[in-house]
Amino acid sequence: MGPHPAVAAIRLAVRRALHDLLIDHSRITEAAMTAATAATVEARGPSRNERTPSPLVLVACSGGADSMALASALAFEAPKLGIRAGGITVDHGLQPGSDLRADEVVLRLRELGLDPAESIAVSVGREGGPEAAARDARYAALDAAAERHGAAAVLLGHTRDDQAETVLLGLARGSGIRSLSGMAAVSGADGRYRRPFLHIDRQTARKACMVQSLPVWDDPHNADPAYTRSRLRHEGLPALEKALGKGVVEALARTAQLSRDDADALDSWASQAEASVRDATGLLECAKLYALPPAVRRRILRRAAIQAGAPAGSLFARHIEEVDRLITGWRGQGAINLPGKVVAQRQGGRLVIRQG
């Protein structure tokens with residue numbers, strides 16, 4: 001008999017998420033072998049030093065059902081795929097005994113056969129609110145761990161349910177189509193972060209842990225109504241399903257993918273159009289910007305603001321709309337102040353965006 005359907009589903013998801021790493025590794029290995037002289041290879045075969053090391057993949061694991069299921073699937077698939085597998089847990093220090101919980105997670109990762117397996121303690125600030133601050137600290141720790149170990153990828157256990165919640169949060173913020181795109185299956189520098197479970201529901205991941213007798217830890221923050229995502233998870237989505245019927249989560253996840261496709265196309269259009277709306281000195285020409293579709297124009301404005309020093313995470317749709325009015329609703333208004341001490345103003349038919 002084969003594995004339980006839930007276990008088969010999570011393993012297949014991991015295998016698909018890592019397919020490109022295997023192709024890249026095969027190419028690198030082939031190139032390395034070609035570089036070796038034929039005489040050396042024929043005489044003694046490639047030495048240990050001549051073999052290209054297998055890529056290392058890390059899993060970010062909180063000890064919850066989603067990430068434990070992911071860790072178990074990676075541990076199973078890694079030897080079959082010819083890759084090395086390790087695990088990282090981040091101790092945010094936000095709860096009493098969090099260090100002990102992190103040590104337990106490391107032990108479970110090692111029992112699965114993951115190596116390296118380690119805990120990283122971080123200090124969570126306050127900027128952007130508790131959820132955003134914890135997320136920033138966590139990703140900084142994961143980036144550092146990936147660099148230190150030379151990892152080719154870091155797997156994250158976000159599920160289809162998490163994607164649906166992210167879409168709803170973006171909708172509530174009114175942040176535009178990119179926000180409705182949710183989380184990407186592959187993101188970060190050089191595609192470092194992979195989310196194999198975006199098409200798998202949370203219940204499947206929990207079921208996979210149960211049938212494999214994997215102990216899981218339920219973070220009390222996930223049920224704390226003080227956190228926006230927790231309220232959405234336990235109150236908002238159930239209310240939507242009660243009003244609209246089952247299938248809301250699947251529909252929201254599908255919306256994320258469709259929105260991402262559209263947003264990617266518009267980003268590409270904006271990239272191609274940007275050069276045509278700049279003058280010889282590199283300044284943006286308002287008349288040419290005005291002629292562009294609003295979705296394309298605003299992407300160019302956003303990119304210009306970020307290039308001038310505005311933090312992307314603090315640059316919201318309302319900021320770009322104010323800058324856009326310098327082009328579409330010009331009445332001689334003054335400069336627009338943007339995050340990061342960036343100033344946007346119209347001068348002689350040109351849009352100037354720079355540090356104030």
Side-chain angles (χ1 to χ4, degrees), residues 14 17-18 20-21 24-25 28 52-64 66-75 77-78 81 83-95 97-158 162 166 183-198 217 219 221-222 229 306 309-314 340:
V14 167
L18 300 178
D20 65 305
L21 293 182
D24 290 344
H25 179 62
I28 293 172
T52 305
S54 300
L56 170 66
V57 175
L58 298 173
V59 58
C61 184
S62 67
D66 302 340
S67 57
M68 280 303 300
L70 184 59
S72 71
L74 176 62
E77 292 293 337
L81 298 173
I83 64 176
R84 296 174 293 140
I88 303 293
T89 189
V90 178
D91 174 14
H92 299 85
L94 298 177
Q95 302 165 2
S98 63
D99 56 335
L100 298 178
R101 187 274 310 167
D103 290 342
E104 290 176 1
V105 173
V106 169
L107 179 61
R108 292 172 191 171
L109 294 176
R110 288 174 178 163
E111 289 173 347
L112 286 171
L114 300 185
D115 181 29
E118 64 181 46
S119 168
I120 303 175
V122 298
S123 177
V124 177
R126 296 183 178 181
E127 185 174 353
E131 293 169 285
R135 182 176 60 251
D136 290 345
R138 179 166 60 253
Y139 277 100
L142 293 174
D143 279 335
E147 294 291 340
R148 185 169 65 256
H149 292 292
V154 177
L155 302 188
L156 304 174
H158 298 117
D162 295 307
T166 301
M183 296 173 285
V186 179
S187 64
D190 300 322
R192 168 176 290 166
Y193 291 106
R194 312 289 177 96
R195 297 177 176 86
F197 288 178
L198 288 183
W217 173 71
D219 187 346
H221 282 171
N222 290 336
R229 187 176 285 269
I306 292 172
S314 302

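What's counted below: heavy atoms across the whole structure, side chains too, no hydrogens, waters or symmetry copies.
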Notebook entry, point to check: Do you know which two heavy atoms are closest between V14 and L74, and how far apart they sit?
Noted result: CG1-CA, 4.2 Å

Check: Do I88 and E118 touch side chain to side chain, with heavy atoms closer than 4.5 Å?
Finding: yes

Margin query: If you define the side chain from C-beta out and look only at heavy atoms, does anything of L58 sit under 4.5 Å from L142?
Written below: no

Note to self: Donor-acceptor check, side chain of R138 to backbone of V90, threshold 3.5 angstrom: yes or no?
What the structure shows: no

Checklist line | Pairwise side-chain contact, D66 with H158, heavy-atom cut-off 4.5 Å (strictly under) | finding: no

Checklist line | Exercise: identify the closest heavy-atom pair between Y139 and Y193 | finding: O-OH, 3.4 Å

Notebook entry, point to check: Between the side chain of T89 and the main-chain N/O of C61, is any donor-acceptor distance below 3.5 Å?
Noted result: yes

Note to self: As an exercise, state the distance from CD of E104 to OG of S119, rounded to the nearest 0.5 Å.
What the structure shows: 11.5 Å

Next item on the list: Provide the closest heavy-atom pair for R195 versus A184 in the form atom of the first, atom of the second, distance.
Entry: NH1-O, 2.9 Å

Item checked: Check: E77 and L18 side chains under 4.5 Å, non-hydrogen atoms -> no

Next item on the list: Working to the nearest 0.5 Å, report the span between CZ of R101 and CG of D99.
Entry: 9.5 Å

Item checked: Distance in Å, H149 NE2 paired with L56 CG, rounded so as to fall on 0.5 Å steps -> 7.5 Å

Checklist line | Under 3.5 Å donor-acceptor, R84 side chain and S54 backbone | finding: yes

Notebook entry, point to check: So among V154, L114, L21, L81, which one has a side chain to side chain contact (heavy atoms under 4.5 Å, CB included) with V57?
Noted result: L21

Margin query: I need the S98 OG to D103 CG distance, nearest 0.5 Å.
Written below: 9.5 Å

Next item on the list: Indicate the atoms forming the closest heavy-atom contact of M68 with G63, along with that distance.
Entry: CG-O, 3.5 Å

Check: Which atoms form the tightest heavy-atom contact between A117 and V106, and what is the distance?
Finding: O-CG1, 3.6 Å

Item checked: Approximate separation, where rounding is to 0.5 Å, of D115 CG and R110 CZ -> 8.0 Å

Next item on the list: Over all heavy atoms of both residues, which pair between S123 and A137 is shortest? Give the atoms and the distance, please.
Entry: O-CB, 4.0 Å

Item checked: Expected output: side-chain D91 to main-chain G93 donor-acceptor under 3.5 Å -> yes

